[in-house]
Each structure stands twice: as C-alpha cells, then as structure tokens.
Asker: 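Here you go, one structure.
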Amino acid sequence: MTAGRATRAPARRGEPHDAVILAGGAARRLGGRDKPALTVGGRTLLDRAVEACAGARRVVVVGPERTTREPVTWVREDPPGGGPVAALAAGLAEVEARVVVVLAADLPFVTQAVTGLLLTAAEGSPATPALDGALLVDADGRDQPLLAAYRTTALRAALDAVGNPHGAALRRLVAPLDLLRVADPALAAFDCDTWPQLRAARARSGRMEDVLEDWIEAVKAELGVELDVDIAALLDMTKVAAHNVVRPAAPLTAFLVGYAAARAGGGEAAVADALRKAEALAAAYRRPDPDTEQ
C-alpha cells in the first residue's frame with residue numbers, strides 16, 4: 001500500500017468504468033430511517049450518489065429497491081445485512097469494466113468531478129504508474145474506502161482473499177491493495193450518519209425546502225411521529241385556505257387535517273384523503289360579502 005501520498009489528479013481521460021453504490025445498512029443513529037432516501041438540496045442522498053456516477057457505463061446499487069431519477073441495476077447481498085464487504089461483493093459481481101467507482105449512499109457533497117478525480121488517479125499517468133486504485137482521504141487524514149475507484153481485478157482478488165464477506169471488516173479488505181491517496185477537494189467525504197450531520201448538510205445547501213424538511217424531521221422526532229409528511233401537498237392546501245378564506249385558516253386547517261387523519265386511523269392514505277377534502281373545500285369556499293349579509 002502506498003502510504004502518505006496525496007494528490008490532485010488531472011482531468012479525466014474518459015476510460016470506461018462501472019460504479020457500485022452501497023445503499024443498505026440499518027442507520028441506527030438515524031432511528032432506523034431509510035438513510036439513502038433522505039434529502040439534501042432537494043435530492044435524495046441516493047440520487048446524489050447516482051448523479052456522481054453519471055459517467056459510468058453501469059451503476060449498480062446494492063440495497064432494497066427505491067425510486068431513482070436515473071436507471072440503475074439493483075442487487076442485494078445474500079443474506080441481507082452482511083455489512084459493506086458483503087454488499088460490495090454482491091455489487092462487484094455485476095461489474096464488467098476494468099475500473100469501478102465505489103461509493104456509499106450517504107455522501108451529500110460527492111459529485112461527478114470527485115469521482116472523475118479518483119478515476120484519473122486510479123488509471124495512473126507517466127509520472128504516477130497505475131496502482132490498485134485510488135481513495136479519498138478526508139480532512140482528518142482518514143482513508144475513505146467507500147469513496148474510491150479500484151481496478152476491478154485487484155478488488156476481486158482482495159475479496160477472494162477475505163473469504164466469507166459476511167461481517168468482514170472493510171479495512172481488512174483494502175489493506176493489501178496498493179492505493180493512491182487523493183486529498184478531499186470539497187468536503188466530499190462528509191457523510192450523514194446522524195441527525196446533526198444531516199442538519200449540517202441541509203444548512204450548507206441553503207435551500208428553504210431543506211430548512212422545512214429539517215424542521216419537520218425535528219418535530220416528528222420530538223412528537224414520536226413516524227409518518228412521512230408530503231410537505232408540498234400540505235403547503236398547497238394551506239396556501240389555498242389562506243387565499244380563499246383568511247390567512248389564519250391555513251394553520252387551523254392543517255391542524256384539523258391532522259386530527260381527522262388520526263381519527264381515520266393515521267397513515268399516508270388517511271392524511272392524503274384529509275388533505276384532498278380540505279383543499280377542495282377551501283378552493284370552493286367563497287367568503288361572505290359583509291355588504292350583502294343581512
């Protein structure tokens with residue numbers, strides 16, 4: 001393994017590559033929430049990872065299937081929950097390119113420029129011979145094996161050396177590999193393992209929608225509510241109520257929608273039904289004209 005080297009790689013030469021994104025895990029420090037489905041800057045963490053791999057011939061996502069903006073290939077480790085090495089082994093079985101990008105699905109600031117940096121470093125140059133791959137080193141000097149580009153044959157050989165991948169340590173997997181260390185260009189290694197980290201990522205995005213989402217998550221945690229809130233539908237309903245009735249009607253109607261949904265058994269369907277009825281009523285409402293009222 002090449003120790004202590006850090007580099008900023010030149011522009012991409014465009015060698016074909018594949019990508020594997022690890023999107024499983026229990027997310028215990030996030031209360032078991034589906035971490036890759038959480039949003040930062042209006043996009044899910046998973047979609048951000050997929051977007052960062054836009055130059056790949058094939059993007060393989062290891063984990064339970066979810067909706068993504070771009071098409072991907074879905075696989076699962078067998079049995080599920082075997083840890084990152086088992087997940088990586090499942091994803092690598094679908095890889096055909098000579099080089100593979102490997103990403104975790106909880107990196108809100110990873111971009112295609114970052115993956116291009118790693119790919120160029122992994123491919124080598126006359127001044128820097130090709131090694132087994134390249135991984136990012138965060139600001140604290142820690143290796144990030146799930147933010148890396150590897151030569152596929154080298155990674156497969158390392159997996160074979162591990163044997164049973166279920167529960168195997170990721171650092172044990174990459175320890176024999178000769179890897180180039182690449183300095184983190186823009187906090188790309190920042191991950192969202194906890195609620196404070198997710199809030200920090202959303203604050204950095206600077207979007208009002210992120211502030212609202214973070215506030216909703218905080219209220220849900222405080223009140224013990226696990227329901228996913230359709231913020232856009234709720235705001236649309238309150239907008240109609242405020243415009244067609246009076247402004248204070250918006251929060252009062254939102255409260256009544258929640259109460260009605262709870263009485264109907266709760267859940268997304270009950271909320272959606274109550275929202276639909278309240279918005280239709282507000283849209284049809286006509287404020288009385290005081291000059292014509294007797």
Asker: Identify the heavy atoms of Ala242 and Ala250 that sit nearest to each other, and give their distance.
Answerer: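 Looks like CB-CB, 4.1 Å.
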Asker: Among Leu170, Leu107, Leu103, whose side chain to side chain contact (heavy atoms under 4.5 Å, CB included) with Leu146 holds?
Answerer: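 Answer to the side chain to side chain contact (heavy atoms under 4.5 Å, CB included) test with Leu146 among Leu170, Leu107, Leu103: Leu170.
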Asker: If you compare all heavy atoms of Ala104 against all heavy atoms of Ile21, which two are closest, and at what distance to 0.1 Å?
Answerer: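 Looking at all heavy atoms of both residues, the shortest contact is C-CG2, 4.5 Å.
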Asker: Quick check against the 3.5 Å criterion: does Asp184 have a side-chain atom that pairs as donor or acceptor with the backbone of Ala189?
Answerer: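 Looks like yes, one N/O pair under 3.5 Å.
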Asker: Nearest 0.5 angstrom please: Leu92 CG to Arg156 CZ, how far?
Answerer: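 Separation between the atoms: 4.5 Å.
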Asker: List the atom pairs, donor and acceptor, that lie under 3.5 Å between side-chain atoms in residues 261-274 and the rest of the protein, sequence neighbours left out.
Answerer:
from   : atom 1 : to     : atom 2 : distance (Å)
Asp273 : OD1    : Arg276 : NH2    : 2.6
Asp273 : OD2    : Lys277 : NZ     : 3.3

Asker: Out of curiosity, does Leu136 fall in the hydrophobic cluster containing Phe190 (side-chain heavy atoms, cut-off under 4.5 Å, transitive links)?
Answerer: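 No, Phe190 and Leu136 fall in different hydrophobic clusters.
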Asker: With rounding to the nearest 0.5 angstrom, report the CD to CG distance, Glu123 to Leu180.
Answerer: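 It is 12.0 Å, given to the nearest 0.5 Å.
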Asker: So, Arg98 side chain and Thr152 main chain: donor-acceptor pair closer than 3.5 Å or not?
Answerer: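 Not a single qualifying donor-acceptor pair exists.
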Asker: Might you point out which heavy atoms bring Ala283 and Val240 nearest each other, and give the distance in Å?
Answerer: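 So the two residues come closest at N-CG1, 3.5 Å.
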Asker: Is the backbone of Arg142 close enough, under 3.5 Å, to the side chain of Asp140 for a donor and an acceptor to pair up by distance?
Answerer: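 Pair absent, no side-chain N/O of Asp140 close to backbone of Arg142.
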Asker: According to a hydrophobic-cluster definition based on side-chain heavy atoms being under 4.5 Å apart (Ile, Leu, Val, Met, Phe, Trp, Tyr only), do Val162 and Val95 belong together?
Answerer: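 Yes.
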Asker: Flag the pair Leu173 / Leu155 as yes when at least one side-chain heavy-atom distance between them is below 4.5 Å, and no otherwise.
Answerer: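 Leu173 vs Leu155: side chains touch.
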Asker: Looking at every non-hydrogen atom in both residues, tell me the closest pair between Arg58 and Asp18 and how far apart they are.
Answerer: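 Heavy atoms of Arg58 and Asp18 come nearest at N-OD1, 3.3 Å.
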Asker: Give a yes or no answer on whether the side chain of Arg48 reaches the backbone of Val110 with a donor-acceptor pair at less than 3.5 Å.
Answerer: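 Pair absent, no side-chain N/O of Arg48 close to backbone of Val110.
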Asker: Looking at Glu77 and Gly81, would you say the former's side chain and the latter's main chain have a donor-acceptor pair under 3.5 Å?
Answerer: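 Side chain of Glu77 to backbone of Gly81: a pair is present.
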Asker: side-chain contact (heavy atoms from CB on, under 4.5 Å), that's the test. Do Arg181 and Leu135 meet it? Break it down for me.
Answerer: CA-CA 5 Å; Arg181 267 72 181 169; Leu135 55 73; 4.1 Å; yes
Asker: Please identify which of these residues, Thr68, Leu38, Thr67, meets the side chain to side chain contact (heavy atoms under 4.5 Å, CB included) condition with Leu46.
Answerer: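 Among the candidates, only Thr68 passes.
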Asker: Looking only at atom types and distance, does a side-chain atom of Asp191 sit under 3.5 Å from a main-chain N or O of Asp106, one as donor and one as acceptor?
Answerer: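 Such a contact is absent between Asp191 side chain and Asp106 backbone.
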Asker: Please report the closest heavy-atom contact between Thr253 and Ala241, naming both atoms and the distance.
Answerer: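 Closest approach of Thr253 to Ala241, heavy atoms only: OG1-CB, 4.1 Å.
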Asker: Whether the side chain of Thr115 engages the backbone of Cys53 through a donor-acceptor N/O pair (distance < 3.5 Å, no angle test) should be reported.
Answerer: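 No, because the side chain of Thr115 does not come within donor-acceptor range (under 3.5 Å) of the backbone of Cys53.
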Asker: Ignoring hydrogens and geometry, is there a side-chain-to-backbone donor-acceptor pair from Asp143 to Pro145 under 3.5 Å?
Answerer: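 Flag not set: sc Asp143 to bb Pro145 has no pair under 3.5 Å.
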Asker: side-chain contact (heavy atoms from CB on, under 4.5 Å) for Asp132 and Val174? Distances and angles first, verdict last.
Answerer: CA-CA 10 Å; Asp132 291 329; Val174 301; over 6 Å; no
Asker: Treating Arg202 as the side-chain partner and Thr39 as the backbone partner, does any N or O pair qualify as donor plus acceptor under 3.5 Å?
Answerer: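 It does hold such a pair.
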Asker: Can any side-chain N or O of Thr120 pair as donor or acceptor with the backbone N or O of Leu117 at less than 3.5 Å?
Answerer: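 Flag not set: sc Thr120 to bb Leu117 has no pair under 3.5 Å.
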Asker: Treat each ILVMFWY residue as a node, draw an edge where side-chain heavy atoms are under 4.5 Å apart, and state whether Val257 and Leu252 are in one component.
Answerer: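 Result: no, two separate clusters.
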Asker: Count I, L, V, M, F, W, Y as connected when their side-chain heavy atoms are under 4.5 Å apart, and connections chain through other members. Are Phe109 and Leu22 then in the same cluster?
Answerer: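 No.
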Asker: Mind listing the closest non-hydrogen atom pair of Val182 and Ala121 along with its distance?
Answerer: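 In this case the closest contact between Val182 and Ala121 is CG2-CB, 3.8 Å.
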